[in-house]
Amino acid sequence: MKLKFDGRGIMKPLQEAFREQKIAYFSMEIGLMNEIPTYSGGLGVLAGDTIKSSADLKLPLVAVTLLSKKGYFRQEITKEGKQIDQLVEWEPSKNMELHSTEVKVQIQKRGVGIKAWLYNVQSLTGGVVTILFLDTDVEGNFPEDREITSFLYGGDERYRLKQEIVLGIGGARMLEALGFSIRKYHMNEGHSSLLTLELLQKYRMDIDRVRERCIFTTHTPVEAGHDKFSYDLVQEIMGEIVPLEVLKKFGGHDRLNMTRLALNLSEFINGVAKRHKDVTRELFPGYEIHSITNGIHSYTWTCESFKRLYDKYLPGWANEPELLVRVGGIPDEEIWHAHMEAKRVLIDYVNKVTNIGMDYDTLTLGFARRATGYKRANLLFSDLEKLKKISKKGMIQIVFAGKAHPKDESGKRLIQEIFGYIEKLKDQIKIVYLEDYDMGLAAKLIPGVDVWLNTPLRPLEASGTSGMKAAHNGVINFSVLDGWWVEGWIEGVTGWAIGPHPDEQLSTEETKNRELDDLYNKLEYIIIPMFYQKRDKWIKMMENSIGKIAYYFNSHRMMRRYVTEAYL
Ligand SMILES: *Cc1c(COP(=O)(O)O)cnc(C)c1O
């Protein structure tokens with residue numbers, strides 16, 4: 001459907017333009033808050049922020065995800081740095097309501113019943129977005145099938161395929177059964193792309209009708225990261241929802257590639273940052289790929305002290321984050337005080353859980369994200385002697401956190417490796433690795449440090465979002481030029497780059513050398529001296545983080561872009 005115009009050619013307000021019909025937003029994980037542990041990391045938090053901004057902006061959106069009744073997992077770490085994966089149990093009935101409607105999908109030739117828990121995200125603006133959390137723990141289902149919606153990213157590929165059937169096909173059927181009228185289906189990553197098969201069936205194989213309804217956002221810049229299933233497995237588990245030749249035509253000849261399926265059957269396809277769009281175009285030539293750079297939900301990710309400050313000087317900022325561009329009107333001392341309040345909260349927490357004795361006045365670096373190879377949490381430790389020299393007994397202290405996926409052995413080893421460095425450096429630099437990185441810890445950790453460090457291996461950071469959270473709290477980014485940072489970075493103004501710009505053609509080795517040079521030299525000669533000796537300049541950069549980054553890299557702007565470029 002195209003834009004609606006009234007008789008004089010003036011566009012009607014968006015709300016009116018699609019009052020009747022909704023955007024269905026599908027995501028394998030959604031991270032709304034700590035109490036609903038149905039997310040593992042950035043993808044889920046982005047989905048949660050998408051939904052919150054949609055509610056604030058009163059967009060007609062309904063979201064679909066899996067219940068993940070046994071959550072992701074809670075991380076404990078032993079003194080030696082060994083991650084222990086603990087089960088999480090949470091009680092959906094505390095926050096949501098089970099709807100009586102039941103739909104069925106076929107899995108291994110059995111009917112599997114699916115119900116939905118309904119949760120309404122209610123904005124102060126009056127907007128509401130309903131989320132359907134799909135649940136197969138339904139009476140009458142085979143015991144095995146009752147577990148399909150238990151574990152987020154748990155089990156083997158059979159389990160994953162069953163989950164994707166429930167999400168994509170079950171989700172589309174549930175929307176229909178509940179009486180939603182859907183104008184577009186937005187697939188957040190390829191996990192839900194089986195919904196296209198349900199639509200093909202519904203529209204009697206009319207491919208154009210399916211395509212004009214589908215939007216696909218890809219998040220994975222490596223070929224190996226995309227879900228693929230052998231056609232034998234697909235036939236065994238799913239049967240033939242559409243004829244096999246049709247499935248192969250859209251999903252790939254050798255194996256069913258969930259990304260290909262979504263690419264082939266979506267009218268609008270986007271990457272999550274400009275750089276990621278370029279990478280995706282190379283990965284999947286022949287498709288028209290757009291970019292809508294990610295953002296974060298400003299109100300969720302701004303700490304209490306900065307919320308008060310923005311409320312005082314920039315009232316209305318939470319629903320109009322563009323107002324942050326006027327941060328220059330806030331007195332420097334108040335910015336600094338708001339920051340120190342957040343820093344005290346973090347340092348007090350760190351000292352309580354570790355008794356390491358960090359202090360409020362030392363330059364504090366933060367690094368927290370999923371512990372997985374490409375994020376390179378260990379890059380900072382490439383040259384321990386240099387790091388010791390830079391720190392000169394206590395010029396810096398560092399806070400780490402991050403979970404490794406239970407099956408990611410190399411991610412787990414990475415945590416152990418960091419623990420080894422912490423032990424080796426313990427007389428020179430105070431470093432902690434906090435347990436159980438989740439949204440609650442992120443909200444405390446990110447605003448409480450002075451510098452937010454990010455050292456991913458390019459080009460594997462599709463967007464990254466934690467640096468945007470940092471900027472909302474006046475925390476300065478020091479990061480590899482990948483993902484969103486290529487767009488947010490102005491050297492010495494909004495933060496600092498680690499390593500070369502993507503336009504520079506360098507070998508892997510040259511790139512790594514440049515990264516290490518920047519990492520150590522900028523810390524020693526620019527960042528540390530500015531923090532201790534040029535506080536006014538430092539605060540200016542904090543303000544630039546707010547006024548030049550946060551005002552733009554928020555999910556309100558992102559959703560307005562989705563509306564005008566993809567949804568209408
Ligand atoms: C924001 C967030 C992430 C994503 O961080 P990146 O820097 O994009 O990797 C992951 N986990 C949690 C808990 C978050 O809040």
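Start at 1 and go down the list; that is how both ligands and their atoms are numbered. Residue numbers run from 1 in the order of the sequence given. It should be emphasised that the depicted structure is a prediction, and the values quoted were computed from it without experimental measurement.
At least one heavy atom of Lys375 sits closer than 4.0 Å to an atom of ligand 1.
Lys52 and Thr300 share a side-chain donor-acceptor pair at under 3.5 Å.
When the shell of 6.0 Å around NE2 of His501 is examined, it contains more than 12 heavy atoms from other residues, nucleotides or ligands. More than 12 heavy-atom neighbours from other residues, nucleotides or ligands sit within 6.0 angstrom of OH on Tyr421.
Among protein heavy atoms, atom 8 (O) of ligand 1 sits closest to Thr465 N, 2.7 Å. Looking at atom 14 (C) of ligand 1, its nearest protein heavy atom turns out to be Lys469 NZ, 2.9 Å. For atom 10 (C) of ligand 1, the nearest non-hydrogen atom of the protein is Gly42 N, 3.5 Å. Of the protein's non-hydrogen atoms, the one nearest atom 11 (N) of ligand 1 is Tyr437 CE2, 3.5 Å.
A distance of 6.0 Å or more separates the ring centres of His186 and Phe26.
Between Ser40 and ligand 1, no N or O atom pair is found at a separation short of 3.5 Å.
In this structure, Lys403 satisfies the cation-pi test against Phe73, with its NZ or CZ atom closer than 6.0 Å to the six-membered ring centre and inside 45 degrees of the ring normal. Cation-pi geometry between Lys522 and Phe478 is not met at under 6.0 angstrom from the ring centre and within 45 degrees of the axis.
Interface atoms of ligand 1 facing Met439, defined by a heavy-atom separation under 4.0 Å, are 13 (C).
Contacts between Ser466 and ligand 1 below 4.0 angstrom, taking non-hydrogen atoms only, involve backbone and side chain alike. Heavy atoms of Arg370 found under 4.0 angstrom from ligand 1: none, in either backbone or side chain. Of the heavy atoms in Trp452, none comes closer than 4.0 Å to ligand 1. Only the backbone of Asp438 comes within 4.0 Å of ligand 1, judged by heavy-atom distances.
Using a distance-only test at 3.5 Å, with no hydrogens or angles considered, no donor-acceptor pair links the side chain of Ser192 to the main chain of Gly168. For Lys412 (side chain) and Pro406 (main-chain N/O), a donor-acceptor pair under 3.5 Å exists by modelled atom type.
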